[in-house]
Amino acid sequence: MRRILLTIAFLALSAGAFAQLRTDWSGRLEMRLGLESTGDLTAAGAEARLALDGEVGSEFFPTAAFRVELRAKTDAATDTADVRLDEAWARVFLNDGVIEATAGNQRHFWGSTDGVNPVDRLNPRDLSVPPDAEKLAVPMLHLRAWLEHDVNLEAVLIPAFVPSIAPGEAWRDEPTFASPPGTTVTEIRPLRDERPEASLQNLQGGVRVQWRPAGFDLAASYLYVYRDVPTRSAEAVPTGAPGEVDVQPVARYDRLHVVGLDGSVALGDVVLRGEIAYLFTDDPSGTDPAVGEPSFHVVIGAETPVPDGPRLVTQVILDGETKPAAPTTETGELDVAVRAMLVATYAANARTDLEVAWVHDLDGSGLVRPGASYTFADGVTGTLAGLVAYGPDASRYGDWRERTGAEVSLRVDF
Amino acid sequence: MSRIDRIATRPAPRSVPSWAAALLLAGVLLLTGAPATAQTYATADQLIAAVDARPEPDTLQATMEMVLTNASGQTLTREMRTWARGDDMRVMKFTAPADIAGSGFLMIDDGAAQETLVYLPALDRVRRVAGGQRGESFFGSDFSYEDVEGIDPGDYAHELVEVRDGPVYVVEATPKPDAASSYDRLLLEVPEDTLIPERVTYYVDDEAIKQLTVNDVQEVGGYLLGLERRMETLSDGRDDGSFTIIRQRDLTLDEDLPDEVFSERFLRR
């Protein structure tokens, strides 16, 4: 695939030889500095992106298109440096564009609601500095067919599993381990990461059909994927010496079936959006501790503008999970968590945008993320953002209290 | 129904009987350069019918440059490409600057309802825009979505307020009770020689909050079009004194546009 993309990029460079080939270079430079209330730096780095987009064919619907984007990033705060191929795909349009087939590193979004999309498990995410969760472009084959009666159909095939980038140590929950009675732990071994290898039986994929007549849209989807965040456990490994065990942490990625439904409808000044997803595993009884439990997720939201004021998005998020079955019962107990989310965005003027997002969990914890951005000139934007976490220990967001802080960034798009 | 103050000047069902006479008169006056002094239209409804009946291209493609100037004189420039068919189908896609390039919106009015979809490439998602959001700023400019989509004369009751030298008709347009308008009333200034509302003042609570001025009126492809539109914010408490100028160029008129252009498929392309 990489060879194909490089060939396309080379052809793009000699654009003059192809009358119908249109190319466009674009890029971004961004610098970030983040500081926590503890005085620790969360970000002190820079990122550069360079992208080449191209099209071959007529003005309205081309016969082919491609995109190649390189990203280079360095961050002194996390002591990381990274150069990677981000989106890098080639697309052909068949039957006058009715069918689009795309191969390569891609990023796709399914769902209708804002910020929380339980039906969408297509791409892994960069969770290294939560609550940020940027999607990672990964190799996939994507097909889209624009059918009659306002229906469009998508199918995705993901040949190789790529996990999400795990949260940094500061934000990672280590699995608890209770040593067997009468034993002592001698060593905690390095994590054994049991990620699925690229093979035919480990293929991932899904389909989505969306109906978008005038006034509303409705989509149904199914995904057969791996959980991109591992289920972590710890095993006791006898060392050979009497009463002594080593602890072996294990990260496993279990299979998931994701059945989803999402849609939106405009009712006067309000747009209602909703998603519902049911996730089940190949261990429906929940007896395998290395396999996550079945769960359901519901997001219902409304977006409405306040006259001469901000645009408001309110959402209620339900996450239900079946706890592991007790030895004496066949099915586990249902545990439901409820969160409410409010996002207010306001364009103070052509250059200044304000936003505040607030998520509150009924366990008493929550996150508030205020932010302001200012456009200094065309393509030059500065952003100041904050993060405030609150709640008791062991609550959903309470453990992030120390992450309370602020970040400033400057971005140049060209 | 046509929209009388849309960015691409596109009035009118041709079935309105007075358009031919009005155009003929306007054309004669333009050709001779003679100052028009006689008042042809006795009522606001007659005038608006004539405005609404001006000949229009069936389709329009154009490049639009949007320059946003704040009260301090600092500018931001955005460029977009637009495709329109009739009064009821329009697509706009931003081509510059880089941080919003690829964003676009699709407006379709099927007579019973109006639907506006916005495409944001960073989210790879087409989002529905609710009716009330039509009053919001159009990508940070002094135009609102409603201003860009245009105003349907059928949604307004018209009253002739004054006839100035020229003659220039001053007409007050008040939204009908069931009209989805962000404004309480509009004051239109319509020179008889062009029948283009060359100045529109928008009122909320009896306060003039914005003013649209149409400049560079030219004949293009046999149609009289205002190629530059300037929207100034007078007083909305947000950015008083700012203004946005939209200039059109590279116009292609009356060329067939496939149905698929006015679809999510094209919006995403």
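Convention: sequence-line order gives letters A, B, ...; per-chain numbering from 1.
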Go through the atoms of [X] and report whether side chain, backbone, both or neither lie under 4.5 Å from a heavy atom of chain A.
X      : value
B:L117 : side chain
B:V204 : neither
B:R125 : side chain
B:T244 : neither
B:L68  : side chain

Examine whether an atom of [X] lies under 4.5 Å from a heavy atom of chain B, and if so say whether it belongs to the side chain, the backbone or both; otherwise answer neither.
X      : value
A:F109 : both
A:R107 : backbone
A:R212 : side chain
A:V98  : both
A:D24  : neither
A:Q210 : side chain

Point to revise | Test item: A:M341 and A:V343 side chains (from C-beta on) under 4.5 Å apart, heavy atoms | key: yes
Practice item. Could you grab the distance from atom CG of A:L136 to atom CD of A:E87, nearest 0.5 Å is fine? Key: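 A:L136 atom CG to A:E87 atom CD measures 11.5 Å (nearest 0.5 Å).
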Revision key, fill the gap. In this structure, CE of A:M31 is separated from OG of A:S409 (nearest 0.5 Å) by 9.5 Å
With a 3.5 Å cut-off and sequence neighbours excluded, list the donor-acceptor pairs that the side chains of residues 374-382 of chain A form with protein atoms.
unit_1 : atom_1 : unit_2 : atom_2 : d
A:D378 : OD1    : B:T77  : N      : 2.8
A:D378 : OD2    : B:T77  : N      : 3.2

Check your understanding: Can you check side-chain contact (heavy atoms from CB on, under 4.5 Å) on B:F262 and B:L257, steps first, answer last?
Key -> CA-CA 9 Å; B:F262 305 99; B:L257 291 174; 3.8 Å; yes
**Study point:** Top contributor to chain A interface from B:R78, B:E264, B:Q74 [non-hydrogen pairs under 4.5 Å]
**Key:**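 Greatest number of close heavy-atom pairs with chain A: B:E264.
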Practice item. For chain A, find which of B:V261, B:V126, B:D99, B:I100 contributes the most heavy-atom pairs closer than 4.5 angstrom. Key: B:D99
Review point. Quick one: of A:S264, A:G27, A:S112, who has the most non-hydrogen atom pairs under 4.5 Å with chain B?
Key: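 That would be A:S264.
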**Study point:** Under 3.5 Å donor-acceptor, A:D132 side chain and A:D126 backbone
**Key:**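 No, A:D132 side chain to A:D126 backbone: no donor-acceptor pair under 3.5 Å.
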Point to revise | Stepwise ring-ring contact (aromatic ring centres under 6.0 Å, His included) check, B:F138 with B:F143 | key: CA-CA 6 Å; B:F138 177 70; B:F143 289 88; 7.9 Å; no
Practice item. Apply the test side-chain hydrogen bond (donor to acceptor under 3.5 Å, both in side chains) to residues B:K93 and B:Y119: give CA-CA distance (whole Å), side-chain angles for both, the deciding distance (0.1 Å), then the verdict. Key: CA-CA 9 Å; B:K93 298 175 89 166; B:Y119 175 61; over 6 Å; no
Review point. What orientation do A:H142 and A:H108 show, parallel under 30°, tilted 30 to 60°, or perpendicular over 60°?
Key: parallel
